[in-house]
Asker: 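Here it is: the structure, laid out below.
The chain is numbered in sequence order, starting from 1. These numbers were taken from a predicted model, which means no experiment stands behind them.
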Amino acid sequence: MSIPRSASRVFLGALLLSAVPLLADGSRVIYTKSFPGSLPPFQSLAVDRDGSVVYNETEDLDNAEKFRLEPAAAERIFEIAAKLDHFKNPLESGLKVANMGRKTFIWEDGDAKTQSSFNFSQSEDARALMEIMENAGDSVRMLIELRRVIRHDRLGVNASILKIQAAWDNKKLMGTPDFLPILDQVAKNEALLHMARERAAQVADGIRNMGNGKK
């Protein structure tokens, strides 16, 4: 006996809807920093649980850059957010210190939203989370810069690669899989300086070896 087409559509729709909670987690951790006079003067990183990142240096969504963190880094971000009770409590130290920029952590989960802002926090967890977010933001900017200099300033490629290599050596480079295609592009481009190509290949090899469990 065949099932009427309309009934099939209803059944399929119900099946897909029932699967949504299993496939998606709407929670998100957002970090913003406003510090006029610094570079950049504003930045925002919105991190989903799967590691997807939307990075922006303005509040215009059209300027956003997409990025993806390593699973362990994303897990760590959400772990610290939970330890901080999803930013329901004040994080500002209240101490008289120099202006270091207004930082805000935001937790979004469906319609629920909580946040806490600070200039300086004594919370070790808040500082640890800020460091991860700052490293992620620096990594996105280095990736953007490398893409730009390859197109418009080939002599600047080596300086850009040096920054990436330093971040990698200091274990501050994040979203490393996103770097691999462009590092490979640099390594194979004979029109670029040999030292830039060599450094790009070294970092790319390091990323691949780390992914294979090697150190």
Side-chain angles (χ1 to χ4, degrees), residues 21-33 40 43-57 61 63-87 103-109 121 123-150 157 160-188 196 198-215:
L22 300 175
L23 298 175
D25 182 343
S27 57
R28 168 179 282 192
V29 177
I30 301 171
Y31 172 73
T32 68
K33 180 179 179 181
Q43 62 175 319
S44 169
L45 294 100
V47 184
D48 291 337
R49 196 175 287 274
D50 67 356
S52 300
V53 178
V54 177
Y55 174 82
N56 211 331
E57 294 182 1
L61 295 178
N63 292 328
E65 181 80 16
K66 292 184 179 180
F67 195 63
R68 183 173 289 276
L69 297 178
E70 295 82 353
E75 182 179 347
R76 180 63 176 153
I77 287 170
F78 279 79
E79 176 185 302
I80 298 176
K83 290 177 69 177
L84 291 169
D85 200 16
H86 299 130
F87 322 127
K103 280 84 67 174
T104 302
F105 289 132
I106 303 168
W107 170 261
E108 291 184 351
D109 189 1
S121 179
S123 165
E124 292 184 5
D125 289 324
R127 293 201 297 268
L129 183 55
M130 183 180 71
E131 181 179 7
I132 295 173
M133 292 298 200
E134 292 281 350
N135 288 342
D138 290 343
S139 297
V140 178
R141 287 193 296 278
M142 284 188 281
L143 184 59
I144 294 171
E145 179 187 352
L146 182 56
R147 288 171 178 163
R148 180 186 62 80
V149 294
I150 285 177
V157 171
S160 183
I161 292 291
L162 273 173
K163 293 179 187 177
I164 294 170
Q165 187 176 44
W168 169 255
D169 290 342
N170 291 315
K171 303 187 186 316
K172 293 184 176 182
L173 192 68
M174 303 183 70
T176 50
D178 282 14
F179 281 86
L180 280 176
I182 196 163
L183 288 172
D184 288 340
Q185 180 183 341
V186 171
K188 296 174 182 177
E198 190 173 63
R199 288 177 176 134
Q202 288 173 355
V203 177
D205 286 345
I207 292 172
R208 287 191 173 92
N209 288 336
M210 186 65 71
N212 292 329
K214 300 177 183 178
K215 295 184 180 180

Asker: Quick one: ring-ring contact (aromatic ring centres under 6.0 Å, His included) partners of Trp107, sequence neighbours excluded?
Answerer: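 Once residues adjacent in sequence are excluded, the partners of Trp107 under the ring-ring contact (aromatic ring centres under 6.0 Å, His included) criterion are Phe78, His86.
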Asker: What residue pairs, at least two apart or across chains, pass salt bridge (Lys or Arg N to Asp or Glu O under 4.0 Å) with a residue in residues 169-178?
Answerer: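 Qualifying pairs: none.
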Asker: If you compare all heavy atoms of Val186 against all heavy atoms of Ala196, which two are closest, and at what distance to 0.1 Å?
Answerer: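 Between these two residues, the closest heavy atoms are CG1-O, 3.8 Å.
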Asker: Going by the rule side-chain hydrogen bond (donor to acceptor under 3.5 Å, both in side chains), which residues pair with Tyr55 if we only count those two or more places apart in sequence or in a different chain?
Answerer: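 Tyr55 satisfies side-chain hydrogen bond (donor to acceptor under 3.5 Å, both in side chains) with Glu57, Arg141 only.
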Asker: What's the spacing between Ser160 OG and Ile144 CD1 if we round to 0.5 Å?
Answerer: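 Answer rounded to 0.5 Å: 11.0 Å.
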Asker: According to salt bridge (Lys or Arg N to Asp or Glu O under 4.0 Å), who are the partners of Glu65, at least two apart in sequence or on a separate chain?
Answerer: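 Salt bridge (Lys or Arg N to Asp or Glu O under 4.0 Å) list for Glu65, sorted by chain: Arg147.
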Asker: Would you say CD of Glu75 has more than 12 non-hydrogen atoms from neighbouring residues, nucleotides or ligands within 6.0 angstrom?
Answerer: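 No.
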Asker: Could you go through the salt bridge (Lys or Arg N to Asp or Glu O under 4.0 Å) check for Arg208 and Asp184 one step at a time?
Answerer: CA-CA 11 Å; Arg208 287 191 173 92; Asp184 288 340; 2.5 Å; yes
Asker: Who passes side-chain hydrogen bond (donor to acceptor under 3.5 Å, both in side chains) against Glu70, sequence neighbours left out?
Answerer: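 Glu70 satisfies side-chain hydrogen bond (donor to acceptor under 3.5 Å, both in side chains) with Thr176 once adjacent residues are dropped.
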Asker: Check whether any side-chain N or O of Asp50 sits under 3.5 Å from a backbone N or O of Ser52 as a donor-acceptor pair, and report yes or no.
Answerer: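 Yes, because the side chain of Asp50 sits within donor-acceptor range (under 3.5 Å) of the backbone of Ser52.
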Asker: Looking at OG of Ser44 and CD1 of Ile106, how far apart are the two atoms once the value is rounded to the nearest 0.5 Å?
Answerer: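 Ser44 OG to Ile106 CD1: 7.0 Å, rounded to 0.5 Å.
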Asker: What distance separates Asn135 CG from Asn170 CG, expressed to the nearest 0.5 Å?
Answerer: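 Between atom CG of Asn135 and atom CG of Asn170 there are 9.5 Å.
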Asker: Where do Gly137 and Leu45 come nearest, in terms of heavy atoms and distance?
Answerer: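 Heavy-atom minimum between the residues: N-CD2, 3.7 Å.
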Asker: Without hydrogens or angle criteria, can the side chains of Tyr31 and Gln43 be said to hold a donor-acceptor pair below 3.5 Å?
Answerer: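 No, no side-chain donor-acceptor contact under 3.5 Å.
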Asker: Can Ile80 and Ile77 be said to form a side chain to side chain contact (heavy atoms under 4.5 Å, CB included), step by step?
Answerer: CA-CA 5 Å; Ile80 298 176; Ile77 287 170; over 6 Å; no
Asker: Classify the ring geometry of Phe87 against Phe105: parallel below 30°, tilted from 30° to 60°, perpendicular beyond 60°.
Answerer: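 Parallel: the ring planes of Phe87 and Phe105 meet at under 30°.
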Asker: What's the shortest heavy-atom distance between Ala136 and Leu69, and which atoms?
Answerer: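 Closest approach of Ala136 to Leu69: CB-CD2, 4.1 Å.
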Asker: Looking only at non-hydrogen atoms, find the nearest pair between Ala74 and Arg49 and report the distance.
Answerer: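 Scanning both residues completely, I find the closest heavy atoms to be CB-O, 3.8 Å.
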Asker: Hey, could you give me the CD1/CD1 distance between Ile207 and Ile164, rounded to the nearest 0.5 Å?
Answerer: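 Here the interatomic distance stands at 8.5 Å.
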Asker: Check the pair Ile161, Leu183 against side chain to side chain contact (heavy atoms under 4.5 Å, CB included), reporting the backbone distance first and the verdict last.
Answerer: CA-CA 9 Å; Ile161 292 291; Leu183 288 172; 3.8 Å; yes
Asker: Would you compute the distance between atom CD of Glu134 and atom CE of Met174 and round it to the nearest 0.5 angstrom?
Answerer: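 One finds 11.5 Å between CD of Glu134 and CE of Met174.
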Asker: Considering non-hydrogen atoms only, spot the tightest contact between Ala187 and Ala200 and give its length.
Answerer: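 It is N-CB, 4.1 Å.
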Asker: Going from CG on Leu84 to CG on Leu129, what distance comes out if it is rounded to the nearest 0.5 angstrom?
Answerer: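 Going from CG on Leu84 over to CG on Leu129, the span is 6.5 Å.
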Asker: List the steps and the verdict of side chain to side chain contact (heavy atoms under 4.5 Å, CB included) for Val203 and Phe179.
Answerer: CA-CA 9 Å; Val203 177; Phe179 281 86; over 6 Å; no
Asker: Identify, with sequence neighbours excluded, every residue that meets salt bridge (Lys or Arg N to Asp or Glu O under 4.0 Å) alongside Glu145.
Answerer: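 If we apply the salt bridge (Lys or Arg N to Asp or Glu O under 4.0 Å) test to Glu145, skipping adjacent residues, the hits are Lys163.
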